Amino acid sequence: MPDYDFDIGVIGGGAAGLTVTAGAAQLGAKTLLVEKEKALGGDCLHYGCVPSKTLIRTAQVYHVMKHSRAFGLPAVELPPVDFRDVAKRIQSVITTIQHHDSAERFCNLGARVAFGEAAFVDEHVIRLDGKTISAKSWVLATGSSPAVPTIEGLNKTPYLTNREIFALDRLPSSMIILGAGPIATEMAQAFGRLGTKVTMVQRSGQILSREDKDMADTVMEVLRGEGVTFHLNSAVLRMQDLGQAREVTIRTGEGANIPLRAETVLVALGREANVGGLGLERLGILFSKKGIEVDDRLRTARKHIYAAGDVNGRYQFTHAAGYEGNIVVSNAIFHLPRKADYTHLPWCTYTDPELASVGMNEKAAKAAGIGYSVWTEEFRNNDRSLAEGEEVGKIKLILDSKERPLGVQILGPQAGELLSEWVAVLNGKVKLSILASAVHPYPTLGEINKRVAGTFFSRKIFSDKVRKGLKFFFHLKGRACGAEAV
Ligand SMILES: Cc1cc2nc3c(=O)[nH]c(=O)nc-3n(C[C@H](O)[C@H](O)[C@H](O)COP(=O)(O)OP(=O)(O)OC[C@H]3O[C@@H](n4cnc5c(N)ncnc54)[C@H](O)[C@@H]3O)c2cc1C
């Protein structure tokens, strides 16, 4: 058997790569992690989840301050936002979390961390800084980058992506956002709340197109109410740099060409897998801009080379990358065949209100041809929501024809947190009756979970059939109000 330098080599120090590295090293595998940037952590830490959620929180606080009257507090005159201070706060949160993702920590776990850009020489060997390094198994965890489509004039017009947006030295007075996925929508609300005049351009007729339309439309209405302008069913024709402003010409669904102007443009039109420069062509590994092709065990066409995280183009979330990292550890280190299963993979868009989802929504159930029923409960009927001044939204429970949960979507305050109970219910195949009868603390937003399960059962429990049975066996006398006088 050939003598390789390492048992396993990991290319990319983001969520997927770090998970594999920590798992493999702690299990005693001689592990190499290669990262091309100066620090570990990947997109999530430096240009994604962490900066975006920090920015969202800052924008939310400013928004609440501006609306102090709604909470019975005096109105406050607020000075404009200095984005350098916002960017400083973002950087300080990143720096704090960076300690957790430091090279020293992974070294302490037993892995070798090397910085540089790796490329394959052959199916077991990479070249790094002019040296060759071999490993028995390899993991491609190189992540993704913002997709920048071919638009006339784009290459001559300055624009922002998620790489630049969190480190601006001033708040843009206006911003056109191309795209209306989760990143675009979160940024639209956050910058809008901080004082930027935001316009969103979306090709399809709905924002957050993976979500059910009723939920996405409510998010859009909230943002519209906060001053964001939407152009749906609109294609970008061209972009132009006007010096102090940028011009984006769009063609609307009605066929009109409209020039939009703003100080800056954010391109948030999806993601492309980081597959270039790795020498994958030489290895016969199949890939496209969308991602590297893998089987259920996350193996590429070369069975000892795995691809996990954004780079395989499946579900581009940090928790999906972590999950896939663990699948790779099972397969590559334990040699226990384990397949990735995304049936109950949750996700959340961190707008205010948040939109969180696990399992199938109506769109997915329809696409799969599965019969379903929908059970809903509104946040305006939840006492805690009213106390918090957060009344927009609802929970949707989707049941199959055998009345088993297919999925849950929550649009409302702290939806991502509330979803966790459903993640446990769906993964643990917990009966709805257990959730409906479990006592939840009052007053909490979480009562909505119990309540929607209860809605389903109350139709059965309080049916005419049950009422008649009880009346017959226990001689109940029936209605007291609106019935004949006693
Ligand atoms: C603005 C924004 C907000 C987001 N918010 C959320 C959120 O709230 N929740 C959520 O779950 N997800 C969110 N995501 C998605 C999340 O960031 C990604 O799904 C996650 O980072 C994927 O992890 P990864 O390990 O696959 O890739 P990455 O984190 O991108 O890591 C890949 C690493 O590989 C390195 N690399 C690339 N090529 C090479 C090479 N040749 N040699 C060596 N190293 C290389 C890169 O430098 C990088 O460090 C967000 C993304 C963005 C852009």
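No experiment lies behind these values; they were computed from the predicted model shown. When reading the values below, keep in mind they use all heavy atoms of this one structure, side chains included, and skip hydrogens, waters and symmetry mates. In listed order, ligands and their atoms are each counted from 1.
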Does Lys30 qualify as a cation-pi partner of Phe6, given the criterion of NZ or CZ under 6.0 Å from the six-membered ring centre and within 45 degrees of its axis? yes

Measure from NZ or CZ of Arg302 to the centre of the six-membered ring of Trp138 and say whether it is under 6.0 Å with the direction within 45° of the ring axis. no

Best match, [options]: closest heavy atom to [atom]:
{"atom": "atom 23 (O) of ligand 1", "options": "Ala114, Pro146, Ala321", "result": "Ala321"}
{"atom": "atom 32 (C) of ligand 1", "options": "Gly322, Ala141, Ser144, Gly42", "result": "Ala141"}
{"atom": "atom 37 (C) of ligand 1", "options": "Val50, Thr142, Leu55, Ile56", "result": "Thr142"}
{"atom": "atom 15 (C) of ligand 1", "options": "His46, Arg163, His319, Gln316", "result": "Gln316"}

Under 3.5 Å between some N or O of ligand 1 and some N or O of [X]?
{"X": "Glu35", "value": "yes"}
{"X": "Thr318", "value": "yes"}
{"X": "Gly41", "value": "no"}
{"X": "Phe317", "value": "yes"}
{"X": "Lys53", "value": "yes"}

Backbone, side chain, both or neither: what part of [X] comes under 4.0 angstrom of ligand 1, heavy atoms only?
{"X": "Leu278", "result": "side chain"}
{"X": "Cys49", "result": "both"}
{"X": "Arg271", "result": "side chain"}
{"X": "Asn162", "result": "side chain"}
{"X": "Met187", "result": "neither"}
{"X": "Asp310", "result": "both"}
{"X": "Ile183", "result": "side chain"}
{"X": "Trp347", "result": "neither"}

What are the atoms of ligand 1, with element, lying closer than 4.0 Å to any heavy atom of [X]?
{"X": "Val34", "result": "43 (C), 44 (N)"}
{"X": "Ile11", "result": "40 (C), 42 (N), 43 (C)"}
{"X": "Tyr350", "result": "8 (O)"}
{"X": "Gly309", "result": "26 (O)"}
{"X": "Ala16", "result": "25 (O)"}
{"X": "Gly14", "result": "25 (O), 29 (O), 31 (O), 33 (C)"}
{"X": "Gly13", "result": "33 (C), 34 (O)"}
{"X": "Tyr47", "result": "1 (C), 53 (C)"}

Just wondering, are more than 12 heavy atoms of other shown residues or ligands nearer than 6.0 Å to [atom1] in [X]?
{"X": "Lys66", "atom1": "NZ", "answer": "yes"}
{"X": "Arg224", "atom1": "CZ", "answer": "yes"}
{"X": "Lys289", "atom1": "NZ", "answer": "no"}
{"X": "Arg112", "atom1": "CZ", "answer": "no"}
{"X": "Arg203", "atom1": "CZ", "answer": "no"}
{"X": "Lys290", "atom1": "NZ", "answer": "no"}
{"X": "Lys303", "atom1": "NZ", "answer": "yes"}
{"X": "Glu417", "atom1": "CD", "answer": "no"}

Around [atom], find the nearest protein heavy atom and jot down its residue, atom name and distance.
{"atom": "atom 3 (C) of ligand 1", "answer": "Gly48 C, 3.4 Å"}
{"atom": "atom 42 (N) of ligand 1", "answer": "Ala118 N, 3.2 Å"}
{"atom": "atom 34 (O) of ligand 1", "answer": "Gly12 CA, 3.1 Å"}
{"atom": "atom 30 (O) of ligand 1", "answer": "Asp43 CB, 3.4 Å"}
{"atom": "atom 27 (O) of ligand 1", "answer": "Gly143 CA, 3.2 Å"}
{"atom": "atom 44 (N) of ligand 1", "answer": "Lys36 N, 3.0 Å"}
{"atom": "atom 21 (O) of ligand 1", "answer": "Cys44 N, 3.3 Å"}

Suppose we call two aromatic rings close when their centres sit under 6.0 Å apart. Are Tyr47 and Phe166 close by that rule? no

Between [X] and [Y], does at least one N-O distance fall below 4.0 Å, as a salt bridge requires?
{"X": "Asp82", "Y": "Arg84", "value": "yes"}
{"X": "Glu247", "Y": "Arg261", "value": "yes"}
{"X": "Glu226", "Y": "Arg193", "value": "yes"}

How far apart are the C-alpha atoms of Glu324 and Asn312, what are their side-chain angles, what is the distance that settles it, and do they pass the side chain to side chain donor-acceptor pair (under 3.5 Å) test? CA-CA 10 Å; Glu324 291 179 350; Asn312 68 29; 3.0 Å; yes

Should Gly277 be listed as contacting ligand 1, given a heavy-atom distance under 4.0 Å as the test? no

Does at least one non-hydrogen atom of Gly116 fall below 4.0 angstrom from an atom of ligand 1? yes

Do the rings of [X] and [Y] sit parallel, tilted or perpendicular, given the 30° and 60° boundaries?
{"X": "Tyr315", "Y": "Phe317", "value": "parallel"}
{"X": "Phe83", "Y": "Phe191", "value": "parallel"}
{"X": "His304", "Y": "His124", "value": "parallel"}

Which residue, Val113, Ile126, Val10, forms the side chain to side chain contact (heavy atoms under 4.5 Å, CB included) with Val34? Ile126

